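These notes are about the structure you will find just below.
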Amino acid sequence: MLLDSASMYFRAFYGVPEIKAPDGTPVNAVRGLLDFIARLVGDYRPTHLVACWDNDWRPQWRVDLLPSYKAHRVEAERTGEPDVEEVPHPLEVQVPIIREVLEAFGICVLGADGYEADDVIGSLAAQARQPVDVVTGDRDLFQLVDDDADVRVLYIARGVGNHERVTNDWVRAKYGVDARQYADFATLRGDASDGLPGVAGVGEKTAATLLGRFGDIDGIVAAALDPGSDLAPGPRGKIKGAADYLAVAPEVVAVARDLELDTSGTLLPAEPRDLPRVAELAHRWGLESPVQRLTSVLVGG
């Protein structure tokens with residue numbers, strides 16, 4: 001089970017009412033995330049569990065290809081290290097606590113310098129050699145769904161309790177494309193939340209139709225450039241007009257699948273690794289109830 005950590009703690013922050021630790025620090029995202037993990041582990045009993053981390057939420061190599069990538073979410077630019085993401089302060093102060101608690105439990109927290117959590121997830125899923133559940137509230141990772149390899153997404157956009165099990169049939173029913181085409185579909189359609197402009201005048205329906213006819217972006221561009229193809233003048237002009245964008249965006253949208261990662265600590269712990277530390281953190285931050293629930297799930301498995 002691969003957790004899109006930031007996606008989950010953002011949802012916990014906005015979905016759980018404000019709760020404060022004894023010293024006044026907000027801890028609703030911490031509590032919510034621990035309860036999310038306890039519920040998912042209890043329901044699915046994975047053999048391995050990884051909290052995938054954004055070591056770089058906006059990698060420079062993606063920005064070099066497409067400067068608009070996540071640009072609207074930059075709070076401050078920095079030279080030689082990741083830009084500062086715009087995050088509500090009451091959530092920002094909880095992120096180090098989240099990491100501390102997960103590590104005390106012995107839950108593997110794994111990132112890769114210069115890459116996003118999505119890239120860590122993509123690489124672990126591609127190299128797993130066992131069934132994989134990817135937990136996320138973001139659509140970007142639908143591109144990893146692979147029925148043959150037994151990789152699916154547990155989509156929590158409507159809440160962990162109402163999550164959907166995303167398979168290729170689910171993606172096709174929802175968007176009219178196969179999961180392997182989803183990255184190209186998102187590239188064509190665009191995604192304002194990630195600063196992807198898309199192809200002007202091409203929405204979901206047109207994107208799905210083009211991919212159904214020509215397979216992928218390379219096939220669509222080739223058809224647009226071929227005077228003898230039967231691509232209609234309207235979409236032909238739109239694709240040709242977006243040539244510069246389409247030359248770089250697919251690389252930005254596609255998650256990495258070939259990162260070399262240390263998976264030695266990814267086994268699901270049978271009990272908290274550092275029980276005194278877990279107890280101390282629970283007391284300090286007022287996390288006794290969610291810590292007890294997660295401990296019971298781990299020990300009870």
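Not measured: the values here are computed from a predicted model.
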- Polar contact flag, side-chain donor to acceptor under 3.5 angstrom, Asn168-Asp147: no

- Beyond-backbone contact of Leu144 with Ile121, side-chain heavy atoms, under 4.5 angstrom: yes

- Task: Establish, from distance only, whether the side-chain atoms of Asp169 and Thr167 form a donor-acceptor pair under 3.5 Å.
- Result: no

- Task: Return yes if some donor-acceptor pair links the side-chain N/O of Trp53 with the main-chain N/O of Ala6 below 3.5 Å, else return no.
- Result: no

- Query: With a 4.5 Å limit on heavy-atom distance, are the side chains of Val278 and Val101 in contact?
  - Reply: no

- Message: Is there a path of hydrophobic side-chain contacts, each under 4.5 Å between heavy atoms, that joins Tyr9 and Val93?
- Response: no

- Say whether Leu196 and Trp61 are linked into one hydrophobic cluster, either directly or through other cluster members, by side-chain heavy-atom distances under 4.5 angstrom. yes

- Message: If the threshold is 4.0 Å, N to carboxylate O, is there a salt bridge linking Asp119 and Arg257?
- Response: no

- Using a distance-only test with no angle check, is there a side-chain donor-acceptor pair under 3.5 angstrom linking Thr206 and Arg189? no

- Message: Within the 4.5 Å heavy-atom criterion, are Tyr175 and Arg139 side-chain neighbours or not?
- Response: yes

- Steps toward side chain to side chain contact (heavy atoms under 4.5 Å, CB included) verdict (Ile156, Thr136): CA-CA 6 Å; Ile156 61 168; Thr136 186; 5.8 Å; no

- Any side-chain donor paired with an acceptor under 3.5 Å for Asp150 and Gln130? no

- Run the side-chain hydrogen bond (donor to acceptor under 3.5 Å, both in side chains) check on Glu116 and Asn55 step by step: do they pass? CA-CA 6 Å; Glu116 301 173 53; Asn55 281 19; over 6 Å; no

- Message: Is any side-chain heavy atom of Thr25 closer than 4.5 Å to one of Lys20?
- Response: no

- Query: Got a donor-acceptor contact below 3.5 angstrom from the Ser123 side chain to the Val120 backbone?
  - Reply: no

- Message: What I want to check is whether the side chains of Thr295 and Glu271 have a donor and an acceptor closer together than 3.5 Å.
- Response: no

- Query: Which atoms form the tightest heavy-atom contact between Arg152 and Val166, and what is the distance?
  - Reply: CB-O, 3.3 Å

- Task: Could you tell me whether the side chain of Arg62 and the main chain of Tyr69 form a donor-acceptor pair under 3.5 Å?
- Result: no

- Task: Examine Leu294 and Leu275 and state if one hydrophobic cluster contains both, with Ile, Leu, Val, Met, Phe, Trp and Tyr joined whenever side-chain heavy atoms are less than 4.5 Å apart.
- Result: no

- Item | Carboxylate-amine/guanidinium contact Arg58 Asp83, below 4.0 Å | yes

- Same apolar cluster (I L V M F W Y, side chains within < 4.5 Å links), Val135/Val132: no

- Between Arg277 and Glu100, is the closest basic N to carboxylate O distance under 4.0 Å? yes

- Find the distance between CD (Gln127) and OG1 (Thr263) and round it off to the nearest 0.5 Å. 8.5 Å

- Given Asp56 and Asp113, is the side chain to side chain contact (heavy atoms under 4.5 Å, CB included) satisfied, shown in steps? CA-CA 6 Å; Asp56 191 339; Asp113 290 346; over 6 Å; no

- Item | Backbone N/O of Ser193 and side chain of His72: donor-acceptor pair under 3.5 Å | yes

- Verify the cluster assignment for Val84 and Val87: are they in a single hydrophobic cluster under the rule of side-chain heavy atoms below 4.5 Å apart? no

- Item | Straight-line distance of Leu211 CG to Thr187 OG1, nearest 0.5 Å | 9.5 Å

- Message: Centroid separation under 6.0 Å, is that true for the rings of Tyr182 and Phe185?
- Response: yes

- Query: Does Val253 reach the side chain of Asp184, with side-chain heavy atoms less than 4.5 Å apart?
  - Reply: no

- Item | side chain to side chain contact (heavy atoms under 4.5 Å, CB included) assessment of Glu85 paired with Val74 | CA-CA 5 Å; Glu85 183 178 11; Val74 176; over 6 Å; no

- Item | Rounded distance (nearest 0.5 Å) linking atom CZ of Arg293 with atom CG of Leu287 | 10.5 Å

- Message: I want to check something: taking the side chain as every heavy atom from C-beta on, are Leu3 and Val50 in contact at a cut-off of under 4.5 Å?
- Response: no

- Between Val255 and Asp140, does a side chain to side chain contact (heavy atoms under 4.5 Å, CB included) hold up when you go through it step by step? CA-CA 9 Å; Val255 302; Asp140 309 4; 5.7 Å; no

- Ion pair check, Arg180 and Asp146, cut-off under 4.0 Å: no

- Task: Go through the steps to decide whether Arg73 and Asp194 satisfy the test salt bridge (charged side-chain N to carboxylate O under 4.0 Å, His left out), and finish with yes or no.
- Result: CA-CA 9 Å; Arg73 289 156 55 181; Asp194 280 339; 3.3 Å; yes

- Should we count CD of Glu260 as having more than 12 external heavy atoms under 6.0 Å? no

- Message: Once rounded to the nearest 0.5 Å, what's the spacing between atom CZ of Arg236 and atom CG of Asp230?
- Response: 8.5 Å

- Item | Centroid separation His89 to Phe13 less than 6.0 Å | no

- Query: For the residue pair Trp170 and Tyr155, does the interplanar ring angle fall in the parallel (under 30°), tilted (30 to 60°) or perpendicular (over 60°) class?
  - Reply: perpendicular

- side-chain hydrogen bond (donor to acceptor under 3.5 Å, both in side chains) between Arg99 and Ser5, intermediate numbers included: CA-CA 10 Å; Arg99 183 154 190 158; Ser5 303; over 6 Å; no

- Any Leu49 side-chain heavy atom under 4.5 Å of Cys108 side chain: no

- Measure the spacing between CE of Met1 and CZ of Arg45 and express it to the nearest 0.5 Å. 10.0 Å

- Task: Look at atom NE2 of His283 and say whether more than 12 heavy atoms of other residues, nucleotides or ligands are closer to it than 6.0 Å.
- Result: no

- Item | Min side-chain heavy-atom separation His48-Leu124 under 4.5 Å | no

- Item | Ionic contact status for Lys70 with Glu86, cut-off 4.0 Å | no

- Going through the distances and angles, do Arg284 and Asp23 end up as a salt bridge (charged side-chain N to carboxylate O under 4.0 Å, His left out)? CA-CA 8 Å; Arg284 187 200 312 176; Asp23 70 352; over 6 Å; no

- Going by an N to O cut-off under 4.0 Å, is there a salt bridge joining Glu164 and Arg158? yes

- Which of Leu188, Val252, Leu66 passes side chain to side chain contact (heavy atoms under 4.5 Å, CB included) with Tyr245? Answer is Leu66

- Query: Once you round to the nearest 0.5 Å, how far does CG of Leu268 lie from CD1 of Ile107?
  - Reply: 7.5 Å

- Message: Is it true that, when you exclude Asp244 itself, more than 12 heavy atoms of the residues, nucleotides or ligands shown sit nearer than 6.0 Å to its CG?
- Response: no

